[in-house]
Amino acid sequence: MHNSSRSIALVSLFAALIAVFGLIPKIDLPLGVPITLQTLGVMLAGCLLGPKRALQALALFLAGQS
């Protein structure tokens, strides 16, 4: 029980973190390639949550976008 509630909290936290990182304006590199902190949120989710929970966090983020 404790593990599932912690998992749900982490998934929702990282979905919110990715959304907040998306609000920060992009940075344009000299070669014309824009970067955003949102990609950092995706990479952090993958590294810290593992593939299954990171996929759940990204699916939750994308579901909230529609």
What distance separates Phe21 CZ from Phe61 CZ, expressed to the nearest 0.5 Å?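 Atom-to-atom, Phe21:CZ and Phe61:CZ are 12.0 Å apart.
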Measure the spacing between CZ of Arg53 and CZ of Arg6 and express it to the nearest 0.5 Å.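 If I round to the nearest 0.5 Å, the distance is 7.0 Å.
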Leu40: which of Leu37, Val42, Thr36 passes side-chain contact (heavy atoms from CB on, under 4.5 Å):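 That would be Leu37; it is the only one of Leu37, Val42, Thr36 passing the side-chain contact (heavy atoms from CB on, under 4.5 Å) with Leu40.
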Assess the residue pair Ile35 and Lys26 against the criterion (side-chain contact (heavy atoms from CB on, under 4.5 Å)); give the C-alpha distance rounded to whole Å, side-chain angles, the decisive distance to 0.1 Å, and a yes or no. CA-CA 6 Å; Ile35 59 171; Lys26 65 180 179 171; over 6 Å; no
ILVMFWY network linking Ile18 to Leu62, side-chain heavy atoms under 4.5 angstrom: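 Yes, Ile18 and Leu62 fall within the same hydrophobic cluster.
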In the single-linkage hydrophobic clustering (I, L, V, M, F, W, Y; side-chain heavy atoms under 4.5 Å), do Ile24 and Leu44 co-cluster?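 Looking at the clustering, Leu44 is in the same group as Ile24.
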For Ser12, give me all partners under side-chain contact (heavy atoms from CB on, under 4.5 Å), at least two apart in sequence or on another chain.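 Leu60.
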Applying side-chain contact (heavy atoms from CB on, under 4.5 Å), can you list everything that pairs with Leu13, at least two apart in sequence or on another chain?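 Partners of Leu13 by the side-chain contact (heavy atoms from CB on, under 4.5 Å) criterion come out as none, since no residue qualifies.
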If you take all heavy atoms of Ala54 and Ala45, which pair is closest and at what distance?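 Heavy atoms only, the tightest pair is CB-O, 3.5 Å.
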